[in-house]
Amino acid sequence: MANSDFFEKVYAIVARIPEGKVTSYGAIAKAIGSAKSSRTVGYAMNACVKLDRDLPAHRVVNRNGVLTGKHHFPGQDTMRKLLEEEGLNIENDQIKNFKFYFWEPPINQ
DNA sequence: GACTTGACAATCC
DNA sequence: AGGATTGCCAAGT
């Protein structure tokens, strides 16, 4: 408990997101065990940037597949660019075929 | 130390 | 169908 277990779990899952795949805050929260703490997941992402973590936060979007947090990246189009580089198609800040690219985090960890 | 905010999501009118 | 409310957890004010 040096750091909140919540954050650690979030980071552990985000770090395991395969390249070219995406997941949602809610899915991560659910995998952790607190499906309703999706807000905190987002907060963890914001914190992860400040902590200089090497997490693919750009692979985490809201449940609609919308790049809600793109504004938090260094450059408003950084998130979209990163995702496109991984083979995803973004339209109007929303991931196309989101369902197809969706990656379900490991529930038991 | 209490209140507000925040990269969300599910539920209730 | 869509706006409003609640839940959850951490950090900032």
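Just so it is clear: chains get the letters A, B, ... in the order the sequence lines come, proteins before strands, and each one is counted from 1.
- Set against dC8(B), dG12(C), dA9(B), the side chain of S24(A) has dA9(B) as its closest nucleotide.
- Between dA7(B) and dG3(C), the two C1' atoms lie 22 Å apart (nearest whole Å).
- Formation of a donor-acceptor pair under 3.5 Å by the R59(A) side chain with backbone atoms of I17(A) is found in this model.
- Ion pairing between a basic and an acidic side chain is recognised when a charged N comes within 4.0 Å of a carboxylate O; E85(A) and K81(A) show no such pairing.
- Rounded to a whole angstrom, the distance from the P atom of dT5(C) to that of dT4(B) is 15 Å.
- When heavy atoms are screened at a 4.0 angstrom cut-off, N62(A) is found touching the sugar-phosphate backbone but no base atom.
- For the pair N46(A) CG and dC9(C) C1', the interatomic distance rounds to 14 Å; values are reported in whole Å.
- Considering only the side chain of F6(A), dA10(C) comes nearest among dA7(B), dA10(C), dG7(C).
- Salt-bridge check for D93(A) with K70(A): passed, with a basic side-chain N closer than 4.0 Å to an acidic carboxylate O.
- One atom, CG of L55(A), and another, P of dA7(B), lie 18 Å apart when rounded to the nearest Å.
- Note: NE2 (H71(A)) to P (dA7(B)) measures 11 Å, nearest angstrom.
- For a distance-only test at 3.5 Å, the side chain of S38(A) qualifies as a donor-acceptor partner of the base of dC8(B).
- Not a single donor-acceptor contact under 3.5 angstrom links the side-chain atoms of S37(A) to the base of dC8(C).
- One finds a side-chain N or O of R63(A) lying less than 4.0 angstrom from the OP1 or OP2 phosphate oxygen of dA10(B).
- For the pair Q94(A) CD and dA7(B) P, the interatomic distance rounds to 19 Å; values are reported in whole Å.
- Nearest to the side-chain atoms of F73(A) among the listed nucleotides dA7(B), dG12(C), dA9(B) stands dA7(B).
- Among dC9(C), dG6(B), dA7(B), the nucleotide with an atom closest to any side-chain atom of Y25(A) is dA7(B).
- Between E86(A) and K21(A) there is no salt bridge, since no side-chain N of the basic residue sits under 4.0 Å from a carboxylate O of the acidic one.
- By the rule that hydrophobic residues join a cluster once side-chain heavy atoms approach within less than 4.5 Å of another member, L51(A) and M45(A) end up as members of one cluster.
- Per the geometry, CE belonging to M45(A) stands 13 Å off P belonging to dA9(B), to the nearest Å.
- Nucleic acid contact for V14(A): none, since no nucleic acid atom lies under 4.0 Å from a heavy atom of the residue.
- The listed nucleotides are dA10(C), dA9(B), dA7(B); the one nearest the side chain of H72(A) is dA7(B).
- When the C1' atom of dT4(B) is taken as reference, atom OH of Y43(A) falls 11 Å away, rounded to whole Å.
- Spacing between atom CG of N64(A) and atom C1' of dA9(B) amounts to 10 Å, rounded to whole angstrom units.
- Whole-Å rounding puts the D93(A) CG to dC8(B) C1' distance at 17 Å.
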